[in-house]
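Everything below concerns the one structure shown next.
Chain A is the first sequence line, chain B the second, and so forth, proteins listed ahead of strands; every chain is numbered from 1.
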2 protein chains.
Amino acid sequence: MTLVDQTFAVPPVAEDRAAMIREYLRDAIVDRRLAPGTKLNEAEVGTLFDVSRTVVRAALQALAFEGLVKTERNRGAFVANPSPDEARQVFASRRLIEPGIARAAAECVTPKDIASFRARLHDESRLLGERGPSARRAEIHASGDFHLLLANVAGNAILLRFMEELVARSSLVIALYGRSGASSCGHNDHANIVNALEAGDGDKAAQLLLSHIDHIEADLDLRSTTGLALAEALNTQD
Amino acid sequence: MTLVDQTFAVPPVAEDRAAMIREYLRDAIVDRRLAPGTKLNEAEVGTLFDVSRTVVRAALQALAFEGLVKTERNRGAFVANPSPDEARQVFASRRLIEPGIARAAAECVTPKDIASFRARLHDESRLLGERGPSARRAEIHASGDFHLLLANVAGNAILLRFMEELVARSSLVIALYGRSGASSCGHNDHANIVNALEAGDGDKAAQLLLSHIDHIEADLDLRSTTGLALAEALNTQD
DNA sequence: CCAGCCGAAATTGTATGCAATCCAGGCGGG
DNA sequence: CCCGCCTGGATTGCATACAATTTCGGCTGG
């Protein structure tokens with residue numbers, strides 16, 4: 001498992017190593033470097049980060065709360081492997097929450113925020129042009145960051161945390177059920193949303209966001225597993 | 001539907017003691033037996049439940065994720081003491097999420113669900129008539145359970161978890177900023193919502209829920225702390 | 001050849017020990 | 001008399017040791 005391929009030459013803060021490991025693992029999961037179902041051995045992760053299992057367990061527990069890993073008693077932690085039903089719930093939740101966030105963001109967006117959005121859009125464009133798995137990962141990441149930036153602008157820390165969880169889980173779902181290898185988020189959709197925000201049209205931004213989510217979900221292949229319980233059971237192993 | 005199990009006389013399962021402690025502490029916080037700001041000493045809690053600090057720490061970390069306790073590095077865990085701004089965010093989140101939940105619930109509510117609601121309403125009525133702090137606590141609890149039952153009926157596990165967090169934090173907020181000693185939730189509001197659900201009128205249920213939330217928040221005294229930073233700082237101590 | 005059992009190795013769950021940090025109270029200087 | 005420093009106790013952060021459980025290999029019997 002190639003967890004540490006980046007350099008931690010200067011750990012930004014030596015404080016709270018558990019949080020650092022948590023974020024590192026989360027990035028790896030969201031970027032799909034760690035496939036759903038992958039076992040996260042406590043001792044192994046501890047060795048990689050040079051900490052004791054105590055710290056690793058704290059990080060894994062945190063990720064379990066976010067729904068990114070699933071822990072089974074006496075069996076350990078695994079990168080989450082959401083079922084089609086869970087996938088639908090993730091997107092249903094986003095459809096419920098994100099339009100409201102867009103309306104709130106439209107109310108309090110500043111020119112500086114708009115500039116941040118544009119910078120993000122620029123990154124997305126650049127990454128869309130590049131090739132290779134690394135660019136693809138960065139693109140997925142940037143795409144999610146757009147939605148997080150939106151929640152950040154809205155100014156509600158609780159909703160921001162909910163969105164962090166939903167965006168991360170969406171990435172897992174797309175990794176599992178994405179039909180096309182295409183971008184997880186249409187770049188044009190994002191640009192249109194920013195335009196609506198800049199115009200202060202919260203309702204339009206909300207509507208665009210809603211159809212954007214529909215667009216993402218439409219690219220998934222969430223066939224019912226009814227009657228396929230055995231196959232599903234086999235798939236959800238590892 | 002196992003929303004909250006109140007009897008801890010006989011722990012149903014000895015498995016996962018951390019989860020048991022977590023739920024016990026959460027009940028105590030939501031019922032306001034543990035005041036906001038109370039320090040939760042690891043060793044003390046451990047002695048109380050006859051477990052090691054390891055298990056207590058896991059429970060406290062879980063509660064910290066729910067926003068019910070706040071941990072400060074090298075200082076320990078404290079029952080959360082939400083600021084007026086956090087309080088507003090809690091209710092803003094509920095206003096955003098709960099109407100959608102009501103619509104979803106109206107779509108898939110069953111007669112059995114309605115019966116559960118009615119039973120809950122009956123409990124609330126009974127508790128409203130009783131006196132004493134114990135009845136008051138039970139009433140607060142039942143009031144929150146109504147909203148959780150609604151989320152449960154809606155059938156989205158993710159939103160249910162979000163609502164669990166929001167309802168619990170609402171209880172903290174009401175404990176801190178509630179103006180009247182009156183019921184935290186108007187009982188009639190709940191009854192009207194159930195009627196709308198039974199009629200399959202999701203929009204009406206959503207609208208009733210929205211005004212219900214407004215009603216709850218209107219009873220709070222969330223004066224701005226701008227210019228009162230010092231007093232606020234003093235208050236948020238313990 | 002295969003199913004089922006059994007024991008060793010691996011892995012997780014929990015308790016405990018130790019170092020680091022924080023807090024309270026006393027003491028000395030101003 | 002008040003302010004700042006310092007030291008002792010208490011508490012948390014982390015590592016490690018041990019117990020409980022699972023997993024996986026081989027072995028035996030059919």
Would you be so kind as to tabulate the donor-acceptor pairs closer than 3.5 Å made by side chains of residues 168-176 of chain A, with sequence neighbours excluded?
residue   : atom : partner   : partner atom : Å
Arg169(A) : NH1  : Glu165(A) : OE2          : 3.1
Ser170(A) : OG   : Arg94(A)  : NH1          : 2.8
Ser170(A) : OG   : Leu166(A) : O            : 2.7
Ser171(A) : OG   : Val30(A)  : O            : 2.6

- Item | Residues in contact with DNA chain C, drawn from residues 52-66 of chain B - heavy-atom cutoff 4.0 Å |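 Correct list: Ser52(B), Arg53(B), Thr54(B), Val55(B).
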- Got a sec, which residues hit salt bridge (charged side-chain N to carboxylate O under 4.0 Å, His left out) with Glu44(B), two or more places apart in sequence or on another chain?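 Expected list: none.
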Between [N] atom [atom2] and [X] atom [atom1], what is the distance in whole Å?
X	N	atom1	atom2	result
Asp16(A)	dT21(C)	CG	P	14 Å
Ile21(A)	dG13(D)	CD1	P	15 Å
Met20(B)	dG13(C)	CE	P	17 Å
Lys70(B)	dT12(D)	NZ	P	18 Å

- Salt bridge check: are Glu130(A) and Arg126(A) linked by an N-O gap of less than 4.0 Å?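 Yes.
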- Task: Would you mind checking if Arg161(A) and Glu164(A) are paired as a salt bridge, meaning a charged N to carboxylate O distance below 4.0 Å?
- Result: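 Salt bridge: no.
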- Is there a side-chain contact between Leu60(B) and Leu25(B) (heavy atoms, below 4.5 Å)?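 A side-chain contact under 4.5 Å exists here.
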- Message: Output one letter per nucleotide in nucleotides 6-11 of chain D: B when a protein non-hydrogen atom lies under 4.0 Å from the base, S when only the sugar-phosphate is that close, - when neither is.
- Response: -----S
- Task: Determine which pairs satisfy ring-ring contact (aromatic ring centres under 6.0 Å, His included) with at least one residue from residues 51-95 of chain B, sequence neighbours left out, and list them in order.
- Result: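 Of all non-adjacent pairs touching residues 51-95 of chain B, those that pass ring-ring contact (aromatic ring centres under 6.0 Å, His included) are Phe65(A)-Phe65(B).
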- If the plane angle is over 60° it's perpendicular, under 30° parallel, otherwise tilted; pick one for Phe146(B) and His190(B).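 If you compare the ring of Phe146(B) with that of His190(B), the planes turn out parallel.
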- Message: Does the plane of the ring in His212(A) sit parallel, tilted or perpendicular to the ring in His147(A)? Use 30° and 60° as the thresholds.
- Response: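 Plane angle under 30°, so parallel.
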- Relative orientation of the end axes in the helix from dC1(C)-dG30(D) to dG30(C)-dC1(D), expressed as an angle to the nearest 10° (five pairs per end):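 Roughly 10°, once rounded to the nearest ten degrees.
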- Query: How many angstroms lie between atom CD of Glu98(B) and atom CG of Leu159(B), to the nearest 0.5 angstrom?
  - Reply: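 Answer rounded to 0.5 Å: 10.5 Å.
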- Message: Which heavy atom of Ala59(B) sits nearest to which heavy atom of Ala18(B), and what is that distance?
- Response: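 Reported closest heavy-atom pair: CB-O, 3.6 Å.
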